[in-house]
Asker: 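Here it is: the structure, laid out below.
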Amino acid sequence: MNLSEQVKQAGVIGAGGAGFPTHVKLAAKVDCFLINGAECEPLMHKDRELMTHFAKELIGGIKLAYKAVGAKNAVIGIKSKNQDALNALQSAIDDPNISIHEFGDYYPVGDEYELVYGITGKHIPPQGLPLDVGCVVNNVETIYNIYKAANNEPVTDTFLTVTGLVKNPISTRVPVGMTVKDVLQLAGGTTVPEYGMMESGLMMGTLITDINQPVTKTTGGIIVLPADHNLITRYSKTQKEMDRIGHSACDQCSYCTELCPRYLLGYDIQPHLVMRSLGFTAMGKELWNKYAQLCCQCGICTLYACPEALFPREACVKSMQNMRESGKGKWEGSTEIKTHPMHDHRRLPLKQLMNRLGVTKYEAHAGYRETSPEPDKVYITLDQNVGAPAEAVVKKGDVVKKGQLIGRIPADKLGANVHASINGRVTDVTDTKIIIERDK
Ligand code: SF4
Ligand code: SF4
């Protein structure tokens, strides 16, 4: 079995948040294999900790993967500030074709377009993939999972950081399907009775609305904030509320565009023009919607740039959806990309972003600790990946072992297998999830 097939069997997907099935990337042929260790989300440290504590496994995974795709070399993108991780990787590298590229502490250098440009100097074509410029990019946790897959170990755990208003901020790994409520206990629980939570990041993550929701293969962290924190309030708004505020208050100052990292990279994305779509007729909308198409949803416009605290990112997301639904989602603008002359001068330092978000005081080391949690119950969702949801291959009452296949990729579809993350008995199977209870 080749590496791509092993990775497919093991259910490896992009752990950086995207959830794209990794076996597809490994079946490609490219010149350069890139590894994304440029963790950018404020307060999140699980990638830094993974690189520090599992450097040997990472380098092992990189060696297998870059050879599998026929690349001549592999480059790890990492921020210079993460000195412990850098030292660990440098000591573990035993292959002259693997090197390290250091980034400054800016947001969002981990965006795939930024990462590829930063390391290779190449622009991915609009709406294109790294593959279009001879590269493939994988997050560090994905590489770790590739290494495990090559040793016949499927994905059963996810690495995450638990931080913010918790007693002992921590980075650790937990079984996929463990509830947020159980995960919080690994950090000693929350320090306040009333709080709000974000999953996987403050900029590109999502609001957690149910403490009993399970973590998935792509969960990178849980951040606990005061219930009345500005970020929690903003993420709680409905699309209708955001549209209404934007329609009445946008003065077209264009700061959102001037600070947009994709615009600064040279792409024709202009959120201030997209904001006009909120007040126009269906025909006018189409005109403005197209300026949203190259948005990576980094959130700078909404959470940092806009002086009126409006929602240009959300307007872009809605516009992209409108275009897709009307069959006009394909980029028809210029494919010539020229980096904006202010690209290097308008970068957003992470510290500045954290000050603006009002989260500097929640910064904590959140070092790695092995917690080996044994949850009584896990809720393993079948749609953790890009593509089709997995199809259950177990039924209520079945006894399963950790690592056993419980959901399979549907025939001829893009998807990912799922495996039991604990030993136990299947207590329910629905279209969306499989529940396993630990045998006591
Ligand atoms: S920064 Fe805010 S107010 Fe200015 S154009 Fe953008 S959305 Fe409108
Ligand atoms: S979220 Fe805003 S700043 Fe980020 S890429 Fe999209 S438009 Fe640009």
Side-chain angles (χ1 to χ4, degrees), residues 16-18 38 40-42 106-118 123-128 198 200-207 230-231 234-235 237 239 241-280 284-285 287-324 329 331 333 337 339-340 342-343 345-350 352-354 356-357:
C40 280
E41 279 280 359
Y106 298 103
Y107 180 86
V109 291
D111 167 44
E112 217 161 61
Y113 280 45
E114 284 274 350
L115 190 99
V116 168
Y117 177 73
H123 283 109
I124 297 174
Q127 286 185 335
M198 292 295 299
S200 299
L202 301 176
M203 296 298 286
M204 297 184 72
T206 50
L207 187 70
N230 184 40
L231 283 170
R234 297 202 68 188
Y235 277 107
K237 293 233 181 306
Q239 183 75 47
E241 286 173 300
M242 293 188 275
D243 288 356
R244 186 175 40 76
I245 305 167
H247 176 38
S248 56
C250 177
D251 62 8
Q252 290 290 290
C253 70
S254 81
Y255 287 172
C256 50
T257 296
E258 294 298 327
L259 290 171
C260 168
R262 284 279 173 101
Y263 172 77
L264 291 169
L265 254 189
Y267 296 91
D268 192 10
I269 157 105
Q270 301 193 53
H272 76 287
L273 296 182
V274 179
M275 289 300 280
R276 294 185 191 172
S277 70
L278 302 179
F280 279 72
K285 258 190 187 132
L287 175 67
W288 307 121
N289 275 351
K290 65 180 187 210
Y291 291 103
Q293 279 176 295
L294 305 179
C295 170
C296 66
Q297 305 180 32
C298 72
I300 286 183
C301 52
T302 291
L303 297 170
Y304 180 81
C306 180
E308 310 287 343
L310 306 183
F311 297 89
R313 182 227 338 237
E314 287 69 16
C316 287
V317 171
K318 197 173 133 198
S319 292
M320 286 192 283
Q321 195 186 335
N322 285 345
M323 295 211 56
R324 271 196 306 274
W331 178 251
I337 311 299
T339 311
H340 193 288
M342 293 303 284
H343 175 263
H345 310 289
R346 285 201 203 136
R347 308 194 110 187
L348 176 53
L350 193 70
Q352 207 167 305
L353 173 62
M354 287 171 63
R356 180 61 178 261
L357 298 178

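Both ligands and their constituent atoms are indexed starting at 1 by order of listing. As the structure is a prediction and not an experimental result, all values here were calculated from the model.
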Asker: I'd like to know if atom 2 (Fe) of ligand 2 has an N/O/S atom from Cys301 within less than 2.8 Å of it, counting both backbone and side-chain atoms.
Answerer: yes
Asker: May I ask you to determine how many protein N/O/S atoms are under 2.8 Å from atom 8 (Fe) of ligand 1?
Answerer: 1
Asker: Please state which protein non-hydrogen atom is closest to atom 5 (S) of ligand 2 and give its distance, to 0.1 Å?
Answerer: Cys296 N, 3.5 Å
Asker: What distance separates Tyr263 OH from Ser254 OG, expressed to the nearest 0.5 Å?
Answerer: 7.5 Å
Asker: May I ask you to list the atoms of ligand 2 that are less than 4.0 angstrom from any heavy atom of Gln297?
Answerer: 1 (S), 6 (Fe)
Asker: With side chain to side chain contact (heavy atoms under 4.5 Å, CB included) as the test, pick out the partner of Thr257 among Arg262, Met275, His272, Gln252.
Answerer: His272
Asker: Give, for atom CD1 of Ile337 and atom CD1 of Ile124, the distance between the pair rounded to the nearest 0.5 Å.
Answerer: 11.0 Å
Asker: For atom 8 (Fe) of ligand 2, grab the closest protein heavy atom and report residue, atom and distance to one decimal in Å.
Answerer: Cys260 SG, 2.3 Å
Asker: Mind checking whether Leu259 contacts ligand 2 via backbone (N, CA, C, O), side chain (CB onward), both or neither, at a 4.0 Å heavy-atom cut-off?
Answerer: neither
Asker: Going through the checks in order, is the side chain to side chain contact (heavy atoms under 4.5 Å, CB included) test met by Lys290 and Asp268?
Answerer: CA-CA 9 Å; Lys290 65 180 187 210; Asp268 192 10; over 6 Å; no
Asker: Quick one: list whatever passes side-chain contact (heavy atoms from CB on, under 4.5 Å) with Gln297, sequence neighbours left out.
Answerer: Met204, Cys295, Arg313, Val317, Met320
Asker: Would you please name every residue forming a salt bridge (Lys or Arg N to Asp or Glu O under 4.0 Å) with Glu314, sequence neighbours left out?
Answerer: none
Asker: Measure from atom 4 (Fe) of ligand 2 to every heavy atom in Cys298, Cys295, Pro108, Ala292 and give the option owning the shortest one.
Answerer: Cys298
Asker: If you count the atoms of ligand 1 from 1 in the order shown, which ones are under 4.0 Å from a heavy atom of Pro307?
Answerer: 1 (S)
Asker: Return the OH to SG distance between Tyr107 and Cys298, rounded to the nearest 0.5 Å.
Answerer: 5.0 Å
Asker: With heavy-atom distances below 4.0 Å as the criterion, list the atoms of ligand 2 near Pro261.
Answerer: 3 (S)
Asker: Quick check on contacts: which atoms of ligand 2 are under 4.0 angstrom from a heavy atom of Arg313?
Answerer: 1 (S)
Asker: State the CZ-CG distance between Arg324 and Asn289, to the nearest 0.5 angstrom.
Answerer: 11.5 Å
Asker: Working to the nearest 0.5 angstrom, can you tell me the gap between Cys250 SG and Leu310 CG?
Answerer: 6.0 Å
Asker: Residues two or more places apart in sequence or in another chain: which of them pass side-chain contact (heavy atoms from CB on, under 4.5 Å) with Leu265?
Answerer: Tyr113, Glu114, Tyr117, His123, Tyr267, His343
